[in-house]
Amino acid sequence: MNNLRIDPREAIIKDRMIAVKNIWLVSGFKGGIGKSLISVAVALGLADKGRKVGLLDLDITSSTDHIILGADNLYPREDMGLLPPEFEKIKFMSFQFFSKSYPLGFRGNSISNAIKELLCVTVWGELDFLIIDMPPGFSDTTMDVIKLFDKFSVIAVSTPSPLSKKILENSVKVYKDMKIGILFVENMAQKAKINSIRFDPKIDKALGDVKKIKRTQFYKDALKIVSKIEGGGV
Ligand SMILES: Nc1ncnc2c1ncn2[C@@H]1O[C@H](COP(=O)(O)OP(=O)(O)OP(=O)(O)O)[C@@H](O)[C@H]1O
Ligand SMILES: [Mg+2]
């Protein structure tokens, strides 16, 4: 084997993730369809059920999970790596800790490198679930995650829009070919159905306040997804 092709960071990452039992990517192939809200709600729901949960915001250039949570002024502590700060019983890691309110102008290789660096230094410890909020589309980040994690499942988000459903169907073919478990979730549904979260006009007013989020219909619907993935999922 050509040693020059080996990236030692990939081995370190596998080591760092060794005690993470379940990884769920929250993915969808359009922007603004609720991936981040669902990631946060699912992480909060799992933590409420006493599960050890990590939340990783991998939407590098436009992280929003900290805004949804109202998690201001967090910063990881250093101890043989970076310890994700705990917020609402969730170990939370986001590029926003380092970029603050400036946009990160990354593309291509710099995205891959940033993801690898962060995963190399992050000490998750033992986790029942790591929820990863993904950027929209089948992006550089998606390619990296597929390469870096041995095993993961996907919460595949769409809206009731036929366009959103069609593009999702096409895009998840890659996951299906890889025999990766997929839980389809319809967000902003008109009425309650299995694996759906209804449109909730009150959700935006609850952003930044976990207590308020937990009182919304959005959160109650998201708890159905939590039960599903807690039970193994798909
Ligand atoms: N079930 C819902 N009911 C009402 N509004 C919703 C619902 N889900 C999402 N939204 C609206 O969509 C907005 C965007 O949600 P969110 O940021 O979670 O989407 P996203 O898919 O993560 O977006 P991006 O692709 O930009 O990361 C929310 O701020 C909210 O206004
Ligand atoms: Mg998002």
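The shown structure was predicted, so the numbers you read here are calculated from the model rather than taken from an experiment. Both counts, for ligands and for their atoms, begin at 1 and track the order of listing.
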Next item on the list: Flag the pair Lys214 and Asp48 as a salt bridge only when some basic side-chain nitrogen lies within less than 4.0 angstrom of an acidic carboxylate oxygen.
Entry: yes
Margin query: So that I can tick it off, tell me whether Asp128 and Lys52 are bridged by a salt bridge, with the cut-off set at under 4.0 angstrom between side-chain N and carboxylate O.
Written below: no
Check: So, for Leu55 and Trp124, which heavy atoms are closest and what is the spacing to 0.1 Å?
Finding: O-CH2, 3.8 Å
Margin query: Closer than 4.0 Å to some heavy atom of Gly31 - which atoms of ligand 1 meet that?
Written below: 25 (O)
Notebook entry, point to check: Protein heavy atoms: any of them under 4.0 Å from atom 13 (C) of ligand 1?
Noted result: no
Check: Do you know the tightest heavy-atom contact between Asp144 and Ser112?
Finding: OD2-OG, 2.8 Å
Notebook entry, point to check: Nearest to atom 6 (C) of ligand 1, what protein heavy atom do you find, and at what distance?
Noted result: Ile203 CG2, 3.9 Å
Check: Is Thr216 reaching over with its side chain to a backbone N or O of Lys212, donor-acceptor style, under 3.5 angstrom?
Finding: no
Notebook entry, point to check: What part of Ile33, side chain from CB on, backbone N/CA/C/O, both or neither, has a heavy atom under 4.0 Å from ligand 1?
Noted result: both
Notebook entry, point to check: Nearest protein heavy atom to atom 19 (O) of ligand 1, by residue and atom, and its distance?
Noted result: Gly34 N, 2.9 Å
Margin query: Using modelled atom types and a 3.5 Å cut-off, is there a donor and acceptor pairing between side-chain atoms of Asp57 and backbone atoms of Ser63?
Written below: no
Checklist line | ligand 1 to Thr64 polar contact by distance, N or O atoms, under 3.5 Å | finding: no
Item checked: Passing option when Tyr219 is tested against Val210, Ile197, Val226, Ile213 for side chain to side chain contact (heavy atoms under 4.5 Å, CB included) -> Ile213
Check: Which protein non-hydrogen atom lies closest to atom 27 (O) of ligand 1, naming both residue and atom, and how far is it?
Finding: Asp59 OD2, 3.2 Å
Next item on the list: Heavy-atom distances under 4.0 Å are what count here, so tell me which part of Ile68 touches ligand 1: side chain, backbone, both or neither.
Entry: neither
Notebook entry, point to check: So which heavy atom in the protein is nearest atom 18 (O) of ligand 1, and how far is it from that ligand atom?
Noted result: Leu37 N, 2.9 Å
Checklist line | atom 25 (O) of ligand 1: nearest protein contact (heavy atom, Å) | finding: Lys35 NZ, 2.7 Å
Check: What is the nearest protein non-hydrogen atom to atom 31 (O) of ligand 1, stated with its residue, atom name and distance?
Finding: Asp204 OD2, 2.6 Å
Checklist line | Backbone N/O of Lys176 and side chain of Lys179: donor-acceptor pair under 3.5 Å | finding: no
Margin query: Strictly under 2.8 Å, is the Mg ion (ligand 2) approached by any N, O or S atom of Thr64?
Written below: no
Item checked: Contact summary for Ile33 and Asn187, nearest pair of heavy atoms -> O-ND2, 2.8 Å
Next item on the list: Starting from atom 23 (O) of ligand 1, find the nearest protein heavy-atom neighbour and note its residue, name and distance.
Entry: Gly32 N, 2.9 Å
Next item on the list: State the atoms of ligand 1, each with its element, that fall below the 4.0 Å cut-off from a heavy-atom position in Phe218.
Entry: 1 (N), 2 (C), 8 (N)
Note to self: Would you call the rings of Phe138 and Phe29 parallel, tilted or perpendicular, taking 30° and 60° as the class edges?
What the structure shows: parallel
Checklist line | Numbered atoms of ligand 1 (with element) below 4.0 Å of Pro136, judged on heavy atoms | finding: 25 (O)
Notebook entry, point to check: What do we get for Asp133 next to ligand 1 when only non-hydrogen atoms under 4.0 Å count, side chain, backbone, both or neither?
Noted result: neither
Check: What's the shortest distance from atom 3 (N) of ligand 1 to any protein heavy atom, and which residue and atom give it?
Finding: Asp200 N, 2.8 Å
Next item on the list: Could you tell me whether the side chain of Ser39 and the main chain of Lys35 form a donor-acceptor pair under 3.5 Å?
Entry: yes
